[in-house]
> 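For reference, the structure I am asking about is given below.
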Amino acid sequence: MKAKIMTVLLLVAAIAWSCTNAQTPTDNNSVDSTATEISTEGEGEEEEILADGDYCDDEEPEVIPVQFRGEKPTIVDFARAYISSDDRGDNYVQLNEALKRYDKGQKPTKGDLTVDLPNGYICFNGNWPDIYGDMEKGTVEMCVWNCKDGHKLFVTNVKTIKGTHYDWYYEPLCYLYDSETHSMVFTILPDLGAFIEAPELAWPQRHIEGDAMSQHWPIYTLPRTGKNMKVTIADTTIPASQHRTCELVWNGNGFDKKFDK
């Protein structure tokens with residue numbers, strides 16, 4: 001009798017053990033499946049984020065071919081290449097027309113054009129009221145620098161003045177010209193050491209915001225003679241004692257900041 005009882009108990013234990021082991025892999029598979037699902041979802045999100053980042057990082061900078069005659073391009077060649085490569089907006093419409101007349105030895109019908117080939121400089125004072133209505137003065141400047149490595153830096157800059165204020169803030173657009181590929185590639189001011197922020201022009205230096213920020217916008221002036229750019233504040237009525245000016249000193253490959261105080 002005892003033997004039969006023991007046999008039954010052993011059989012029950014065996015069945016119980018078998019059921020437990022049969023369930024365990026199922027539970028483990030469930031856990032593994034959940035973990036895999038979570039992991040896959042996380043990896044998917046990470047890949048998506050990386051893909052977005054890669055898209056931004058991989059976005060190619062603007063490249064503009066420069067056509068020219070002779071041994072090297074002039075400032076006019078750079079200007080033509082820049083204007084014709086894309087729709088540059090109203091600021092360059094009149095300059096484009098003025099350059100076409102310049103090619104024919106004619107003066108512009110609107111505005112005033114200065115082309116200084118030896119110094120690599122162009123300045124166009126346009127008839128902005130025809131475009132903006134109440135703008136009193138508008139200027140487009142272009143300049144080219146020779147780099148130490150044999151390449152060149154082309155910079156174009158727009159300034160519009162309304163009364164005693166620069167009415168709009170534009171950063172100069174910079175392009176590094178490769179003398180081997182005969183093309184210029186867009187580059188940013190910080191890479192050239194030429195980026196100025198409004199608080200840097202406030203004196204004494206302080207945090208500024210709101211209307212004061214717009215009054216202290218950095219306004220760049222390109223050089224006709226010499227190699228250095230100058231930066232001042234947007235509101236020309238602010239006393240000199242309340243702001244600093246900056247000279248961006250050309251070092252052969254970029255600029256060094258030199259404040260007046």
Side-chain angles (χ1 to χ4, degrees), residues 52-53 56-57 59 61-62 82 86 88-92 95 121-129 131-145 153-176 185-261:
D52 290 341
C56 295
D57 292 341
E59 186 176 352
E62 182 182 16
Y82 174 77
D86 200 352
R88 301 300 179 182
D90 292 335
N91 294 316
Y92 292 93
L95 172 57
Y121 176 82
I122 285 177
C123 181
F124 179 71
N125 293 311
N127 190 8
W128 300 131
I131 299 175
Y132 297 110
D134 59 353
M135 289 292 184
E136 295 183 4
K137 182 180 178 182
T139 301
V140 177
E141 296 176 305
M142 295 178 167
C143 194
V144 63
W145 285 259
L153 172 67
F154 168 75
V155 178
T156 180
N157 186 43
V158 175
K159 297 185 290 187
T160 56
I161 300 177
K162 181 179 179 181
T164 58
H165 290 68
Y166 286 90
D167 192 70
W168 212 259
Y169 171 45
Y170 300 91
E171 288 182 0
L173 300 178
C174 309
Y175 294 81
L176 288 173
V185 181
F186 176 76
T187 187
I188 57 176
L189 288 174
D191 287 350
L192 297 169
F195 182 68
I196 303 294
E197 297 182 278
E200 295 183 87
L201 299 177
W203 187 259
Q205 293 186 69
R206 60 191 183 276
H207 174 74
I208 58 177
E209 58 185 12
D211 291 339
M213 176 71 80
S214 62
Q215 292 173 338
H216 287 80
W217 275 337
I219 303 299
Y220 292 72
T221 298
L222 306 189
R224 178 174 180 177
T225 58
K227 299 180 179 180
N228 303 337
M229 285 193 284
K230 294 185 178 180
V231 188
T232 187
I233 58 176
D235 188 346
T236 58
T237 65
I238 295 179
S241 60
Q242 298 179 20
H243 69 84
R244 300 196 300 171
T245 60
C246 179
E247 185 176 17
L248 295 171
V249 181
W250 177 247
N251 60 30
N253 290 311
F255 298 89
D256 300 316
K257 296 179 184 181
K258 182 181 178 182
F259 290 94
D260 63 341
K261 55 188 175 184

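Values below: every heavy atom of this structure, side chains too, minus hydrogens, waters and symmetry copies.
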> Taking all atoms of both residues into account, what is the closest heavy-atom pair of A240 and K261, and its distance?
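So the minimum-distance heavy-atom pair works out to O-NZ, 2.8 Å.
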> Which atom names give the shortest non-hydrogen contact between V185 and P61, and what distance separates them?
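In terms of heavy atoms, the two residues are closest at CG1-CG, 3.8 Å.
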> Between F154 and Y82, what is the ring plane arrangement, given parallel below 30°, perpendicular above 60°, and tilted in between?
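Tilted.
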> Between atom CG of L176 and atom CG of D191, what is the distance when rounded to the nearest 0.5 Å?
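So the gap between those two atoms works out to 8.5 Å.
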> Is it true that atom CG of D211 has more than 12 heavy atoms of other residues, nucleotides or ligands lying nearer than 6.0 Å?
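Open: at most 12 neighbouring heavy atoms sit under 6.0 Å from CG of D211.
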> For the residue pair K159 and I219, establish whether any side-chain heavy-atom pair is separated by less than 4.5 Å.
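Yes, their side chains come closer than 4.5 Å.
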> I'd like to know whether D235 forms a side chain to side chain contact (heavy atoms under 4.5 Å, CB included) with H216, so could you lay out the CA-CA distance, the side-chain angles of the two residues, the decisive distance to 0.1 Å, and finally the verdict.
CA-CA 7 Å; D235 188 346; H216 287 80; over 6 Å; no
> Considering non-hydrogen atoms only, spot the tightest contact between P223 and C143 and give its length.
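It is O-SG, 3.4 Å.
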> Any non-hydrogen side-chain atom of I196 less than 4.5 Å from a side-chain atom of L248?
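Side chain of I196 against side chain of L248, heavy atoms only: contact under 4.5 Å found.
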> For the atom pair CZ (F255) and CG (N228), what is the distance rounded to the nearest 0.5 Å?
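Here the interatomic distance stands at 7.5 Å.
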> For this output row, return yes or no: ring centroids of F124 and Y92 closer than 6.0 angstrom.
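No, too far apart.
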> Looking at every non-hydrogen atom in both residues, tell me the closest pair between V155 and P172 and how far apart they are.
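Answer, listing the atom of V155 first, then P172: CG1-CB, 3.7 Å.
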> Can Y220 and E141 be said to form a side chain to side chain donor-acceptor pair (under 3.5 Å), step by step?
CA-CA 10 Å; Y220 292 72; E141 296 176 305; over 6 Å; no
> State which residues pass salt bridge (Lys or Arg N to Asp or Glu O under 4.0 Å) with E200; sequence neighbours excluded, sorted by chain then number.
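Listed in chain order: K257.
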> If only atom types and distance count, is the side chain of D86 paired as donor or acceptor with the main-chain N or O of R88 below 3.5 Å?
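Side chain of D86 to backbone of R88: no pair is present.
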> If I take atom CD from residue E62 and atom OG1 from residue T187, how far apart are they, to the nearest 0.5 angstrom?
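Here the rounded value is 12.0 Å.
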> Excluding sequence neighbours, so at least two apart, what forms salt bridge (Lys or Arg N to Asp or Glu O under 4.0 Å) with R244?
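R244 satisfies salt bridge (Lys or Arg N to Asp or Glu O under 4.0 Å) with no residue once adjacent residues are dropped.
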> Testing the basics here: between A234 and S214, what is the closest heavy-atom pair and its distance to 0.1 Å?
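In terms of heavy atoms, the two residues are closest at CB-O, 3.4 Å.
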> Is the closest side-chain heavy-atom distance between T221 and M229 below 4.5 Å?
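Counting from C-beta outward, T221 and M229 never come under 4.5 Å.
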> In Å and rounded to the nearest 0.5 Å, what is the OG1 to CD1 distance from T156 to I122?
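So the OG1 of T156 and the CD1 of I122 are separated by 9.0 Å.
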> Is any side-chain heavy atom of M142 less than 4.5 Å from a side-chain heavy atom of L95?
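They are in contact (side-chain heavy atoms under 4.5 Å apart), so the answer is yes.
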> Hey, would you say the W203 and F259 ring centroids sit under 6.0 Å apart?
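They do not qualify: ring centres at least 6.0 Å apart.
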> Is there a side chain to side chain contact (heavy atoms under 4.5 Å, CB included) between L153 and C174? Walk through the geometry before answering.
CA-CA 7 Å; L153 172 67; C174 309; 4.1 Å; yes
> One pair to check against side chain to side chain contact (heavy atoms under 4.5 Å, CB included): I238 and Q215. What are the steps and the verdict?
CA-CA 8 Å; I238 295 179; Q215 292 173 338; 3.8 Å; yes
> Could you check whether any side-chain N or O of D260 sits under 3.5 Å from a backbone N or O of T245, counting only pairs where one atom can act as donor and the other as acceptor?
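Judged by distance alone, yes, a pair lies under 3.5 Å.
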> Please step through side chain to side chain contact (heavy atoms under 4.5 Å, CB included) for the pair V158 and T139, ending with a clear verdict.
CA-CA 6 Å; V158 175; T139 301; over 6 Å; no
> Search all heavy atoms of L192 against all heavy atoms of N253 and return the closest pair with its distance.
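In this case the closest contact between L192 and N253 is CD2-O, 4.0 Å.
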> Is there a donor-acceptor contact under 3.5 Å from the side chain of W250 to the main chain of W145?
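No, because the side chain of W250 does not come within donor-acceptor range (under 3.5 Å) of the backbone of W145.
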